[in-house]
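Let me begin by presenting the structure, written as structure tokens, before commenting on it.
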Amino acid sequence: MFNAFERTVAKRYLLSRKSDRFTSVIAIFSFLGIMLGVATLIIVMSVMGGFRQELLGRILGLNGHMGVFAAERGNLRDFDAVAAAVRRVPGVVSATPIVEGQVLLTAEGGGASGGLARGIRPEDLRAREIIAGNIRAGSLDQFSGDDAIAIGTRLAFRMGINVGDRLTLVSPQGRATVIGTIPRLRAYRVVALFEVGMNEYDSSYVFMPLPAAQTYFQTGPDAATQVEVFVADPTRVRAVNRDIRAAIPSGIRILDWQDANSSFFAAVQVERNVMFLILTLIIIVAAFNIISSLIMLVKDKGRDIAVLRTMGATRGAIMRIFLLCGASIGAIGTLMGFVVGVLFCINIESIRQFIQMLSGTELFSPEVYFLTRLPAVLNWAEVAQVVALALSLALLATIYPSWRAARTDPVEMLRNE
């Protein structure tokens, strides 16, 4: 598209002499603006995508893709029969009976915290990789009987307890007596500490064997709170939902993850889109800098353009020379922004730890951001979209100044010299 003559002239104009230093400074700022805009957009989109993926993976990994409840408020009777019927539905990976309830957690040291106690069969908990694969102390081999619980590491740290210590569970659903309702409480031995990497779960979830939970919450041996269902493809959870309703037509209520967390993930998606639009303004501002630098370059090189025209250069050649000048700034800036953004995303956790060490402050609090590490997932389709957007804006920014340069009348320009 560009011949050797056009490339040579464009290179001389970009690498200007001292007399053209001001134009070069504007071109440098345009280059830096494009580079920072592309890098920032790649980093922010990757972090937002990482947030969504991490939260989705942890929420669905611990809570299941859908829950089967009793149609009326209360416990689900004959849960084993319901679970067996659900497992026969195509697309269902597992169906696990769960007994859960809100409790107050207290320790001998005086600490107290609210939490959620979940009763689950020991074999089902060991099969759940997000828990079994993240045991930090103790072992799930001892998770059995009526005196064993597994808790998160952050809850253990907050309460000042470790494996082998006892944690007391206080249920607000107490027993009625002549002097009023007395809260139900019992102490359990901690046999394992897990860390799934999400603050809400690591600081408030307590797992106990299903029979122990049935006894504690007084549901009876034939009742559970829900049957937790995992499916092969979480994006097709609505289709599996319909199949389960057809297999068990009455007496149940189903709540899937899209209904339970729809507002949360919708807010994440809206925030992601808004951040994309806001950060795109950085690239647009850099594109305007390219326009201003090229217009100044055209004004400064008016006599050169006239001489080139009299020597036989066509209007198309003049236009391509200045197109190449602007496109070079945009292309090199985009390439450098791509490299910086990708390298930053790959090493983002190390960079965070380094900055924390230098500043002595916590940059990513798990209590605020839910996660214990800063996630960044590179979506190459989105990266390509950002690169294409930056190149397109840079190319569009060069069209008008290049057209003005090509329209320069050599007679008028030389007459004024």
What do the steps show when you test Val206 against Val103 for side chain to side chain contact (heavy atoms under 4.5 Å, CB included), and what is the final call? CA-CA 9 Å; Val206 174; Val103 293; 5.6 Å; no
Please check if the side chain of Trp257 supplies one atom and the backbone of Pro234 the other of a donor-acceptor pair under 3.5 Å. yes
Does Ile120 offer a backbone N or O that forms a donor-acceptor pair with the side chain of Asp124 under 3.5 Å? no
By the salt bridge (Lys or Arg N to Asp or Glu O under 4.0 Å) test, which pairs, at least two apart or in different chains, include something from residues 87-109? Glu100-Arg118
Expected output: side-chain Asn241 to main-chain Val237 donor-acceptor under 3.5 Å: no
Are the side chains of Pro97 and Arg121 in touch, meaning some heavy atoms are under 4.5 Å apart? yes
Looking at His65 and Val231, would you say the former's side chain and the latter's main chain have a donor-acceptor pair under 3.5 Å? yes
Under the rule for salt bridge (charged side-chain N to carboxylate O under 4.0 Å, His left out), what residues qualify as partners of Arg166, not counting sequence neighbours? Asp147
Kindly indicate whether the side chain of Ile290, heavy atoms from C-beta on, has any atom under 4.5 Å from the side chain of Ser30. yes
Leu193 vs Ile135 side-chain heavy atoms within contact, under 4.5 Å: no
Step through the shown structure and confirm whether more than 12 heavy atoms of other residues, nucleotides or ligands are within 6.0 Å of CZ on Arg136. yes
What's the spacing between Arg128 CZ and Leu140 CG if we round to 0.5 Å? 12.0 Å
Under 3.5 Å, side chain of Ser402 to main-chain N/O of Leu323, donor-acceptor pair present? yes
Would Arg404 and Leu294 satisfy side chain to side chain contact (heavy atoms under 4.5 Å, CB included), going step by step from the backbone distance to the final call? CA-CA 10 Å; Arg404 286 291 303 271; Leu294 282 182; over 6 Å; no
Consider side-chain contact (heavy atoms from CB on, under 4.5 Å). Of Thr40, Ile42, Ile351, which one does Phe344 pass it with? Ile351
Chi angles and distances behind the side chain to side chain contact (heavy atoms under 4.5 Å, CB included) call for Ile161, Ile151: CA-CA 10 Å; Ile161 60 178; Ile151 66 174; 3.7 Å; yes
Find the distance between OG (Ser350) and CD1 (Ile355) and round it off to the nearest 0.5 Å. 11.0 Å
Using only atom types and a distance under 3.5 Å, with no angle test, would you say the side chain of Asp146 pairs donor to acceptor with the backbone of Pro211? no
Where do Leu335 and Val38 land on the side chain to side chain contact (heavy atoms under 4.5 Å, CB included) test, with the steps shown first? CA-CA 9 Å; Leu335 177 62; Val38 170; over 6 Å; no
Spatial distance of atom CD1 (Ile149) from atom CG (Leu169) [nearest 0.5 Å]: 6.0 Å
Could you verify whether a donor N or O on one side chain and an acceptor N or O on the other, from Arg158 and Ser113, lie under 3.5 Å apart? yes
Over 12 non-hydrogen atoms of neighbours within 6.0 angstrom of CZ in Arg236: no
Does a side-chain heavy-atom distance below 4.5 Å link Ile34 with Ile329? no
Residues in ring-ring contact (aromatic ring centres under 6.0 Å, His included) with Tyr201, at least two apart? Tyr205
Determine which pairs satisfy side-chain hydrogen bond (donor to acceptor under 3.5 Å, both in side chains) with at least one residue from residues 382-394, sequence neighbours left out, and list them in order. Arg272-Glu382
Gap between atom CZ of Phe194 and atom CZ of Arg154 - 0.5 Å precision: 12.5 Å
Please name all residues satisfying salt bridge (charged side-chain N to carboxylate O under 4.0 Å, His left out) with Asp243, sequence neighbours left out, ordered by chain then number. none
Got a sec, which residues hit salt bridge (charged side-chain N to carboxylate O under 4.0 Å, His left out) with Arg238, two or more places apart in sequence or on another chain? Asp256, Asp259
Cation-pi check, Arg320 onto Phe322 ring (under 6.0 Å, within 45° of axis): no
Sidechain-backbone polar pair: Arg184 side chain, Tyr216 backbone, donor-acceptor under 3.5 Å: yes
So that I can tick it off, tell me whether Glu349 and Arg352 are bridged by a salt bridge, with the cut-off set at under 4.0 angstrom between side-chain N and carboxylate O. yes
